[in-house]
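The block underneath contains the structure these notes are about, expressed in structure tokens.
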Amino acid sequence: MWLAVAGSVLMAAACGAVPYGGEPFFVRGMDVMEADFKDKLRQLRLNARHLRKWLIVWSILVLGGFMTLTVAFASLPLGLTCAGLFFVLPWYVLRRMAERRRRKLEDQMADAMVSLASAIKAGLSLAQSMEIIAQQSPAPISQEFRQLIGEYQLGKPLERCLRETKERLRSENFALFAAAMEASRESGGRLNETVDRIAHSVRELQRLERKIESETAQARTSAMYMALAPAFILALYYFFLDPANTERLFTTFIGQVMLSIAVLLDVIAYLWARKILTPEI
């Protein structure tokens with residue numbers, strides 16, 4: 001009972017303090033989140049026009065969930081933990097989606113470079129060859145080359161289009177292609193041979209990346225199972241082995257703190273394991 005009252009008082013004090021002292025920090029935090037979300041949405045080619053409104057709505061929903069857990073269930077530590085995890089959930093999902101799209105682009109670059117070299121050997125210019133890639137390649141690489149060619153046809157220099165696409169994609173393979181194209185246009189040389197060498201380099205990088213992924217696949221699966229194991233063990237103890245003592249993790253303040261720390265450490269360990277098992281070449 002006293003914990004619920006204390007949680008209500010703390011929430012009322014926090015809500016009263018935000019309009020006076022917390023507004024600059026809230027606005028600054030929203031600006032940082034909006035900039036990061038816009039960057040991820042731009043990589044995914046999604047509309048970010050009403051992003052600030054959606055972030056505010058999500059913040060209100062997270063705050064409502066926090067108040068519900070804190071007041072209704074008398075669990076301040078669990079309320080903070082769940083609110084924090086749910087608050088960063090959209091950022092994590094967008095980051096994974098952007099990373100998946102970037103990896104798909106990396107995988108499609110080698111085939112695109114082979115098609116580009118074949119088109120150049122047939123007598124087409126670099127811009128015409130890239131237009132063929134934009135028309136015949138699968139998404140998402142066709143979308144990026146279509147935008148590149150569209151900007152070039154509107155009057156932008158090709159070097160600037162390549163540079164802006166490189167900054168937008170943040171792809172190592174495309175950065176290699178753009179650098180080689182700029183060097184070839186400045187110093188001359190056989191463009192089709194340059195593209196052939198780039199395709200060979202990209203394929204070799206893909207071979208190394210897939211070898212690493214195949215050798216670490218079992219470890220990544222083990223990391224996921226290890227992250228889910230504590231929840232399974234907790235349910236086992238709660239329903240079968242020791243319900244009375246396990247229930248104290250949810251009903252006492254010390255137990256709630258211990259449970260919250262365990263959840264945070266479990267999430268951090270899983271993310272850390274994925275970071276270690278996803279090396280960059």
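These numbers come from a predicted model, not from an experiment. Just the heavy atoms: all of them, side chains too, but no hydrogens, waters or symmetry mates, feed the values below.
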Decide yes or no for L234 and L249: does some side-chain heavy atom of the first lie under 4.5 Å from some side-chain heavy atom of the second?
yes
State, yes or no, whether a side-chain contact exists between Q147 and R45 at a heavy-atom distance under 4.5 Å.
yes
Taking the basic N atoms (NZ, or NE/NH1/NH2) and the acidic carboxylate oxygens, is any pair closer than 4.0 Å for [X] and [Y]?
{"X": "E131", "Y": "R146", "value": "no"}
{"X": "D107", "Y": "R203", "value": "no"}
{"X": "E99", "Y": "R96", "value": "no"}
{"X": "R210", "Y": "E213", "value": "no"}

Verify, without hydrogens or angle tests, whether W272 (side chain) and V267 (backbone) share a donor-acceptor contact under 3.5 angstrom.
no
Pair L158-L148, side chain to side chain contact (heavy atoms under 4.5 Å, CB included): steps then yes or no:
CA-CA 8 Å; L158 185 58; L148 190 154; 4.1 Å; yes
R248-Q256 side chain donor-acceptor pair, cut-off 3.5 Å:
no
Between S142 and S137, is any side-chain donor less than 3.5 angstrom from a side-chain acceptor?
no
Give the C-alpha distance, both sets of side-chain angles, the deciding distance and a yes or no for side-chain hydrogen bond (donor to acceptor under 3.5 Å, both in side chains) between R220 and T216.
CA-CA 6 Å; R220 288 197 302 272; T216 58; 2.7 Å; yes
Evaluate the criterion side chain to side chain contact (heavy atoms under 4.5 Å, CB included) for residue pair E151 and R160; output intermediate values, then yes/no.
CA-CA 10 Å; E151 293 175 350; R160 181 180 174 186; over 6 Å; no
